[in-house]
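Numbered from 1 within each chain, the chains take letters A, B, ... in sequence-line order.
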Amino acid sequence: MENSLLTARGRRTLPKQTRLAKRADYLRTYESGRKYFSRFSVLFIADNQMTFSRLGITATKKAGKANIRNRLKRWTREVWRAHREPLALDLQRADFVVNIKPSAARASFTDFKSDLVALFRRAATSLQ
RNA sequence: GGAGUGGGUCGGAGGAUCGCUGUGCGGCGACGCAUGGAGGAAAGUCCGAACUCCUACGGGCAGCAGGCUGGAUAACGUCCAGGCGCGGCGACGCGACGGAAAGUGCAACAGAAAGAUACCGCCUGAGGAGGUUUUCUUUUCUUCGGGUAAGGGUGAAAUGGUGCGGUAAGAGCGCACCGCAUCCCGCGCGAGCGGCGAUGGCAUGGCAAACCCCCUGCGGAGCAAGACCAAAUAGGGAGGCAGUGGAACCGCCCGUUUCCAGUGAAAGCCUCCGGGUAGGUUGCUCGAUCACCGCGGUAACGCGAGUGACAGACGAAUGAUCCUCACCGGCAACGGCACAGAAUUCGGCUUACAGACCUACUCCGCAC
RNA sequence: CGGGCAGUAGCGCAGCCUGGUAGCGUACCUGAAUGGGGUUCAGGUGGUCGGGGGUUCAAAUCCCCCCUGCCCGA
């Protein structure tokens, strides 16, 4: 598994193992994690004792109807995929949970992307 | 040319790179290659089914739902055709459209009265009082009684309408026409329709989306249904081992945990079994399917053959960037491009929706 | 997937079942009382009854369809 992740890391892929899937994982991140805020989202980070970082996304019903929430989650995943390697987020070996705020429903992708990248960058630098 | 009505279709197109995901092939594997990957509403979850499990010997009551007629369908509260009523000049649209002489109930305010009725009025009988008068009489007021639903007035609603006759005054009391009900005749499978056919003078007004009555239908739960595999921990069952003293068993030693006692010590270890949680697999997508074609039917739809099409995820796949061409706004740079995202699967209904197109009609104006 | 509750005056709630007048508290306005304010007393203003249809003479109330918010079960 570790080999596969090492090869995948350079190719900006997004395999299933790097996603948070358990409710317990989310709760642990919320309880013990650090919090970072930005215009469109809230980021929780907690160490996971693994060899890579994982991503979880939450968009409540306040954000919009189903198609809006799906779009926001895809955008978040896309930003994570594109900037995981440049920002060396895997070296944190942590679980990242992004809570999307309702205000993001009206944003364009470019605005949302720049906001989220800045958030990741701030979190990454402060962790070092 | 303008205004409008019904039905139907589409819901940007093509390509490149990166990423996600189902399937197939190759590979121990990592992965590679090929190929597929949101909708007309996927939505709301309002009906109907399929499919699973539960309960079961059948049946009823209760409850809920539906309610003009005929047909379509696996079924339906859906669809088609038709009838009747209402709205619209019309094309057409809308309609929970069985029963009020089975029973119970309701109707504020107003009004005499809202099933059974006389307040005012009109007519009239008897008694009393008064006016007028020579007489015949005539008339006013009042008390008790009778007749009367024409008029007044109230109301959402007051017991067919108009006219003529008739009468003390009136009244379908009688007549004519219109309306209504029943019967008959004709047409229609039927709801119903037509009749200068007959009869009835019309007799019990409204509300059943008030209770209710009649007819028809319905067992309950839902893919987190259900099935299979199954960790850790705790607990359950079976077997074995260990285990203090005495008794018992045995000819004796060794040994045995069958019984009893005791609590100083220990009350544990091993193996197996079943239930079952996390988790995983399955159910899971090709089916009462859809399109084209032929035949039958006014139609919904049915039958038939061939070709083509058809997502299966599970913290839940469709995204990002770029190019070309459409469309809309703007002088331009540029911006925008609806409603909205599959969750077991179908048949409907309802709701949301930028814009574009096809088709059949209606009304008005102008020209021929 | 299935079930339930609520929406009425600026705010918090009755009224709905059993249809005809929308009421209570608070807030607001006016007046009284006080030297002034608060408390108190008297009077008053204020509501598309979430939206749209339907039944009815008449609908906040009965029926149907939507919208919004909240809750529950597997």
(request) Answer with base, sugar-phosphate or nothing: what part of the nucleic acid does A:K113 contact at a heavy-atom distance below 4.0 Å? (result) nothing
(request) Report yes if at least one side-chain N or O of A:N67 is closer than 4.0 Å to OP1 or OP2 of B:G341; otherwise report no. (result) yes
Tell which nucleotide pairs with [N], taking only Watson-Crick or G-U wobble pairs whose two distances are both under 3.5 angstrom.
N	answer
B:C284	none
B:G77	none
B:A356	B:U9
B:G335	B:C328
B:G19	none
B:G4	B:C361

Nearest of [options] to any side-chain atom of [X]?
X	options	result
A:R81	B:A317, B:A320, B:C18	B:C18
A:T110	B:U321, B:A320, B:A342	B:U321
A:E78	B:G319, B:U321, B:A340	B:G319

Under 3.5 Å between N/O atoms: give me all the protein pairs with nucleotides 312-316 of chain B, atom names plus distance.
unit_1 : atom_1 : unit_2 : atom_2 : d
B:C314 : OP1    : A:K16  : NZ     : 2.2
B:G315 : O2'    : A:L20  : O      : 2.3
B:G315 : N7     : A:A21  : O      : 2.8
B:G315 : O6     : A:R23  : N      : 2.9
B:A316 : OP2    : A:R77  : NH2    : 3.2

(request) Decide yes or no for A:F44 and A:V42: does some side-chain heavy atom of the first lie under 4.5 Å from some side-chain heavy atom of the second? (result) yes
Suppose you measure atom [atom1] in [N] against the same atom in [M]; what distance do you get, rounded to whole Å?
N	M	atom1	value
B:G179	B:G161	C1'	8 Å
B:A75	B:G296	P	27 Å
C:A59	C:U26	P	34 Å
B:C178	B:C196	C1'	13 Å

Could you report the tightest heavy-atom contact between [X] and [Y], atom names first, then the distance?
X	Y	value
A:R122	A:F37	NH2-O, 2.7 Å
A:Y26	A:I57	OH-N, 3.3 Å
A:V117	A:L87	O-CD1, 4.4 Å
A:I68	A:A63	CG2-O, 3.8 Å

(message) Taking salt bridge (charged side-chain N to carboxylate O under 4.0 Å, His left out) as the definition, give me every residue that meets it alongside A:R69, ordered by chain and number, with sequence neighbours left out.
(response)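 With neighbours one apart ignored, the set is empty.
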(message) Under 4.0 Å between a side-chain nitrogen and a carboxylate oxygen: does that hold for A:R39 and A:D111?
(response) no
(request) Find the distance between CG (A:L72) and CG (A:N67) and round it off to the nearest 0.5 Å. (result) 9.5 Å
(message) Nearest 0.5 angstrom please: A:L55 CG to A:F96 CZ, how far?
(response) 9.0 Å
(request) Take atom CZ of A:F112 and atom P of B:U321, then tell me their distance rounded to the nearest Å. (result)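 Computing the A:F112:CZ to B:U321:P distance gives 13 Å.
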(request) Could you check how far CH2 of A:W75 sits from P of B:A320, rounded to whole Å? (result) 7 Å
(request) Tell me the stems RNA chain C sits in, counting at least three consecutive Watson-Crick or G-U wobble pairs, each under 3.5 Å on both distances. (result)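 Output for stems: C:1-7 with C:67-73, C:10-13 with C:23-26, C:28-32 with C:40-44, C:50-54 with C:62-66.
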(request) Would you verify whether the NZ or CZ of A:R71 falls within 45 degrees of the ring axis of A:W75 while also being under 6.0 Å from that six-membered ring's centre? (result)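 Satisfied, under 6.0 Å and within 45°.
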